[in-house]
Structure formats: structure tokens, C-alpha cells
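Working notes, beginning with the structure itself.
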Amino acid sequence: MSDSASTSHLACPVAGTGRQQVIFVPRDRLLEVANALRSEGYWMCVDLCGVDYLLHFDRQLPVEVVPERFEMVVSLLNHTTGTRLRMRVQVPEDDLAVPSLIRVWPSVDFPEREMWDFFGIEPQGHPGLDRILMPDNWEGHPLRKDYAVGDIPVQFKEA
């Protein structure tokens with residue numbers, strides 16, 4: 001992938017050039033684009049995470065992309081060409097569901113669970129969605145920008 005023309009067939013806004021591009025994927029096309037990228041050699045999902053832009057709606061995005069409070073970011077690697085690609089998916093605050101990518105990249109099992117646990121972004125179709133780091137009875141999602149800071153009591157093990 002030497003320039004943005006190599007992802008133009010996906011019909012998604014693209015930022016960046018060269019060996020690391022960012023593609024802005026509409027949520028309703030996520031599985032279609034993910035499968036296309038996997039078939040083109042992006043066999044490894046390096047990372048998947050959630051982002052809360054509560055205080056940064058003014059971030060730079062292509063004009064075609066409507067900014068939402070939440071975003072899912074997926075980092076991919078093509079070992080054949082040595083290129084990296086980052087998919088960014090806007091997730092509206094009033095509909096925190098995205099399609100699970102576990103059938104495309106099985107390695108997203110724990111990252112999808114972590115995204116749900118910490119941000120409340122739900123990967124629909126995930127076969128085992130439950131809390132991964134927070135206790136099962138935990139209420140809320142602690143990495144959201146509006147989560148009350150300092151309200152979590154510190155617990156120490158007995159000496």
C-alpha cells in the first residue's frame with residue numbers, strides 16, 4: 001500500500017499516506033470492510049480499543065465523517081507488505097453497538113471484552129461478552145470521561 005489509492009476501492013474516507021493509513025469505516029459497513037481487508041492480507045489485528053471524545057468533538061476528521069462521542073479503533077498489520085492500517089468507527093452515545101470482529105480476527109476476543117467493560121461499547125455477536133477486568137457486580141464503565149474520578153475506594157490486601 002503505497003498511497004491512499006490502494007484503499008479507495010473500499011469507498012471509505014482515508015487519512016494519511018504511505019505505510020500507515022487511517023480508514024474511517026461506517027459502522028454498518030464494518031464487517032464488509034474488515035472481511036475485504038483480511039482477504040487483502042491484513043491477517044493480524046494488532047489492537048482494538050474504545051475512545052471517549054466527550055471533550056474533543058472538534059477533533060480533525062474527514063468532512064464526510066460525522067463525529068460521535070465514542071469511537072472504536074482497530075489497528076491492523078499486513079505482514080506481506082509491511083503496512084499498517086487503522087480503522088476508526090464512529091459510535092453514537094445513544095446506540096453503543098458495533099458488530100463483533102471475532103469471526104474475522106479471533107484475536108479480538110479480549111480487546112472487545114475490554115472495550116465493553118471500560119467504555120460500554122458492545123460488540124454484538126461476541127460469543128462470550130462478560131467483564132474481563134472489572135468485578136462482575138461493577139456498575140458503569142470506568143474509562144468514560146464522565147465517570148466520577150476518585151469515587152472508587154482503594155482496597156488493600158491485609159498485611
Side-chain angles (χ1 to χ4, degrees), residues 1-134 141-145 147:
M1 178 183 311
S2 60
D3 59 24
S4 60
S6 58
T7 53
S8 62
H9 67 286
L10 298 172
C12 295
V14 176
T17 59
R19 298 174 65 82
Q20 180 157 275
Q21 293 182 339
V22 179
I23 183 171
F24 295 85
V25 180
R27 189 170 47 157
D28 62 347
R29 293 191 56 224
L30 180 59
L31 288 177
E32 168 199 342
V33 172
N35 281 308
L37 290 170
R38 177 152 179 112
S39 69
E40 292 171 13
Y42 287 94
W43 303 318
M44 182 176 185
C45 179
V46 177
D47 191 25
L48 180 147
C49 65
V51 181
D52 182 353
Y53 285 107
L54 178 64
L55 305 175
H56 298 287
F57 275 92
D58 60 344
R59 63 192 183 274
Q60 279 194 309
L61 294 171
V63 293
E64 309 94 316
V65 177
V66 176
E68 296 289 352
R69 175 178 172 182
F70 293 98
E71 194 172 84
M72 179 175 77
V73 181
V74 183
S75 298
L76 305 174
L77 175 62
N78 183 322
H79 286 97
T80 305
T81 62
T83 54
R84 293 179 180 267
L85 182 69
R86 200 166 47 234
M87 291 193 300
R88 291 174 59 181
V89 181
Q90 301 301 304
V91 183
E93 184 175 8
D94 61 351
D95 183 9
L96 292 169
V98 295
S100 175
L101 295 173
I102 201 163
R103 287 188 172 86
V104 182
W105 295 288
S107 63
V108 302
D109 181 9
F110 283 16
E112 281 188 346
R113 289 172 57 198
E114 185 177 291
M115 177 180 67
W116 175 76
D117 200 3
F118 286 155
F119 293 96
I121 301 171
E122 181 182 348
Q124 292 188 325
H126 189 285
L129 192 60
D130 55 359
R131 291 207 179 265
I132 188 170
L133 295 170
M134 303 305 294
H141 305 282
L143 289 186
R144 288 187 177 185
K145 299 294 185 196
Y147 196 83

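Here the structure is a predicted model, which is why all the values come from computation and not from measurement.
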Please report the interatomic distance [atom1]([X]) to [atom2]([Y]), rounded to the nearest 0.5 Å.
{"X": "L85", "Y": "L77", "atom1": "CG", "atom2": "CG", "value": "10.5 Å"}
{"X": "L96", "Y": "E68", "atom1": "CG", "atom2": "CD", "value": "10.0 Å"}
{"X": "N78", "Y": "L37", "atom1": "CG", "atom2": "CG", "value": "9.5 Å"}
{"X": "I23", "Y": "Q21", "atom1": "CD1", "atom2": "CD", "value": "8.0 Å"}
{"X": "S100", "Y": "E112", "atom1": "OG", "atom2": "CD", "value": "3.5 Å"}

Work out which heavy atom in [X] is nearest to a heavy atom in [Y]; give both atom names and the distance.
{"X": "R29", "Y": "C12", "result": "NH1-SG, 3.2 Å"}
{"X": "L48", "Y": "P111", "result": "O-CB, 3.5 Å"}
{"X": "L30", "Y": "V25", "result": "CA-CG1, 3.8 Å"}

What I'd like to find out is whether the side chain of [X] reaches to under 4.5 Å of the side chain of [Y], using heavy atoms alone.
{"X": "F118", "Y": "M134", "result": "yes"}
{"X": "L76", "Y": "V46", "result": "no"}
{"X": "R88", "Y": "V74", "result": "no"}
{"X": "W116", "Y": "E122", "result": "yes"}
{"X": "T80", "Y": "W43", "result": "yes"}
{"X": "M44", "Y": "H79", "result": "yes"}
{"X": "R144", "Y": "F70", "result": "yes"}
{"X": "E114", "Y": "L133", "result": "yes"}

Listed by chain and number, what are the side chain to side chain donor-acceptor pair (under 3.5 Å) partners of [X], not counting sequence neighbours?
{"X": "D95", "answer": "R27"}
{"X": "D130", "answer": "R113"}
{"X": "S75", "answer": "none"}
{"X": "R69", "answer": "D52, E93, D146"}

How would you list, by chain and number, every residue that makes a side chain to side chain contact (heavy atoms under 4.5 Å, CB included) with S39, sequence neighbours excluded? none
Under the side chain to side chain contact (heavy atoms under 4.5 Å, CB included) rule, collect the residues that match up with P62, sequence neighbours excluded. P13, F24, E64, V65
All N/O donor-acceptor pairs, side-chain side in residues 101-109, below 3.5 Å, sequence neighbours left out:
residue: W105; atom: NE1; partner: Y42; partner atom: O; Å: 2.9
residue: D109; atom: OD1; partner: H126; partner atom: NE2; Å: 2.9

R131 backbone acceptor or donor facing D117 side chain under 3.5 Å: no
Determine yes or no for a side-chain-to-main-chain donor-acceptor pair under 3.5 angstrom, with Q124 supplying the side chain and P99 the backbone. no
Centre of Y53's six-membered ring, under 6.0 Å away, within 45 degrees of the axis: is that where NZ or CZ of R59 sits? yes
Let's go through V22 and V14 carefully: what are the C-alpha distance in whole Å and the side-chain angles of both, what is the deciding distance for side chain to side chain contact (heavy atoms under 4.5 Å, CB included) to 0.1 Å, and is it a yes or a no? CA-CA 6 Å; V22 179; V14 176; over 6 Å; no
